[in-house]
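This report concerns only the one structure given below.
Both counts, for ligands and for their atoms, begin at 1 and track the order of listing. The first residue in the sequence is number 1, and the count goes up from there. This structure is a prediction, so every number in the text was calculated from the model and none was measured. Note: hydrogens, waters and symmetry copies are ignored here, and every other heavy atom, side chains too, is used.
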Amino acid sequence: MPDQTQQTSLVIADIHLQPNQLQHPINQTFLRFLQQKAIHAQRLYILGDLFEVWLGDDIGLQQYPTEIQALKELSNSGTELYLQYGNRDFLMRKRFQQASGVHLLADEYTLTIGDREVLILHGDQLCTDDIDYQKMRRIFRNPIIQWLFLHLPKSKRIKIGEKMRQESIQAGKTKNAEIMDITEEALQALLQRHPGCTTVIHGHTHKPAQHTHHFNGQDYQRYVLSDWRPATQYLSLTADGIETHEFE
Ligand SMILES: [Mn+2]
């Protein structure tokens, strides 16, 4: 009998690893997850916000040396690693990829799992009721803005990063919960761009669940990943289906 675990893909999101805090429980749990679970999988997909902050490869590689090394060891051991940008970490470039062995994926990416097409994404692009956030997103994702930012001195980038983090925490406190969730319109538009996909997996909202949506005469499954606070959930994808697991 073939080793089923070798045919498994695992999916996680929103770990928000803390910079310069290797002893943080989340960072420690992530390292254990790589060594105990991901090592047995064929592929690991990380759907954004793996890092709480990424201000450029030069800074990030210094803030997360052990975590990067652990990813590299996992990649060397044979597990393929794939990552999508989140809204906290979208400035990873070549040096990050070389150091970690991680491959970057497009913001919307389709996997074939058994006989179904599964669309993976971070999910922030679906929160279209949050107009202010979507405006900011367009600015941050502008290649010229990113180029300019990455050419600022390290100390300046760290300062800006800290300021933005504080503002984001404040915004999260004052916004109501609905505008921070995805909209049905954005989901339908997404699926129209990817005909054939009947399953969507995303993170970002930190509201782990499994939803069924019905439109255009069809059922769509939507899996929302947890942020590991407190339940350390991940999905496994095999030819037999999609399952939610909890890691101790
Ligand atoms: Mn996010």
Side-chain angles (χ1 to χ4, degrees), residues 10-19 21 24 26-27 29-30 33 44-56 59-60 63-64 67 71 81-93 96 100 102 104-109 119-142 145-146 149 160-183 186-187 189-190 200-211 222-235 244:
L10 303 184
V11 190
I12 57 174
D14 299 299
I15 311 302
H16 291 260
L17 292 171
Q18 299 298 302
Q21 289 186 62
H24 191 286
I26 288 287
N27 298 42
T29 305
F30 177 69
F33 176 78
L44 172 64
Y45 293 96
I46 305 169
L47 311 192
D49 284 354
L50 172 61
F51 303 102
E52 174 76 4
V53 60
W54 193 271
L55 302 165
I59 297 175
Q63 289 181 326
Y64 296 102
E67 294 86 346
L71 288 165
L81 305 176
Y82 298 96
L83 181 94
Q84 290 177 310
Y85 288 150
N87 56 302
R88 301 299 193 115
D89 55 352
F90 47 84
L91 292 172
M92 293 84 98
R93 298 290 188 264
F96 162 76
S100 64
V102 168
L104 293 174
L105 296 180
D107 287 344
E108 297 170 9
Y109 192 83
L119 185 58
I120 57 172
L121 70 163
H122 181 56
D124 58 322
Q125 55 272 65
L126 301 180
C127 299
T128 49
D129 277 348
D130 193 345
I131 313 262
D132 291 343
Y133 171 73
Q134 294 300 333
K135 267 186 204 156
M136 290 298 280
R137 186 180 193 274
R138 275 193 291 278
I139 294 168
F140 292 147
R141 289 304 195 93
N142 180 314
I145 304 274
Q146 293 190 354
F149 180 81
I160 294 172
E162 189 45 45
K163 189 160 173 275
M164 285 181 5
R165 220 169 122 188
Q166 293 307 330
E167 283 172 5
S168 154
I169 291 168
Q170 270 319 107
K173 278 183 190 154
T174 52
K175 281 177 190 173
N176 70 44
E178 281 87 69
I179 78 163
M180 292 172 71
D181 206 346
I182 75 144
T183 66
L187 180 69
L190 174 79
V200 176
I201 304 174
H202 70 84
H204 182 66
T205 60
H206 302 213
K207 297 180 177 89
Q210 185 187 339
H211 302 275
R222 179 169 66 94
Y223 293 82
V224 187
L225 291 156
S226 91
D227 61 1
W228 286 21
R229 292 161 175 83
T232 311
Q233 286 178 2
Y234 63 97
L235 296 181
T244 303

**Asked** Charged N to carboxylate O under 4.0 angstrom, Asp107 versus Arg141?
**Response** yes
**Complete:** Taking the Mn ion (ligand 1) as the apex, OD1 on Asn87 and OD2 on Asp49 give an angle, to 10°, of 80°
**Message:** Under 2.8 Å from the Mn ion (ligand 1) - does any N, O or S atom of His122 fall there?
**Reply:** yes
**Asked** In Å and rounded to the nearest 0.5 Å, what is the OH to CG distance from Tyr234 to Leu44?
**Response** 11.0 Å
**Message:** Using side-chain contact (heavy atoms from CB on, under 4.5 Å), reason through Leu47 and Tyr109 one step at a time and then give a plain yes or no.
**Reply:** CA-CA 10 Å; Leu47 311 192; Tyr109 192 83; over 6 Å; no
**Complete:** NE2 of His24 to NE2 of His16, rounded to nearest 0.5 Å, is 11.5 Å
**Complete:** Looking at His204, the N/O/S atom that lies nearest to the Mn ion (ligand 1) is called ND1
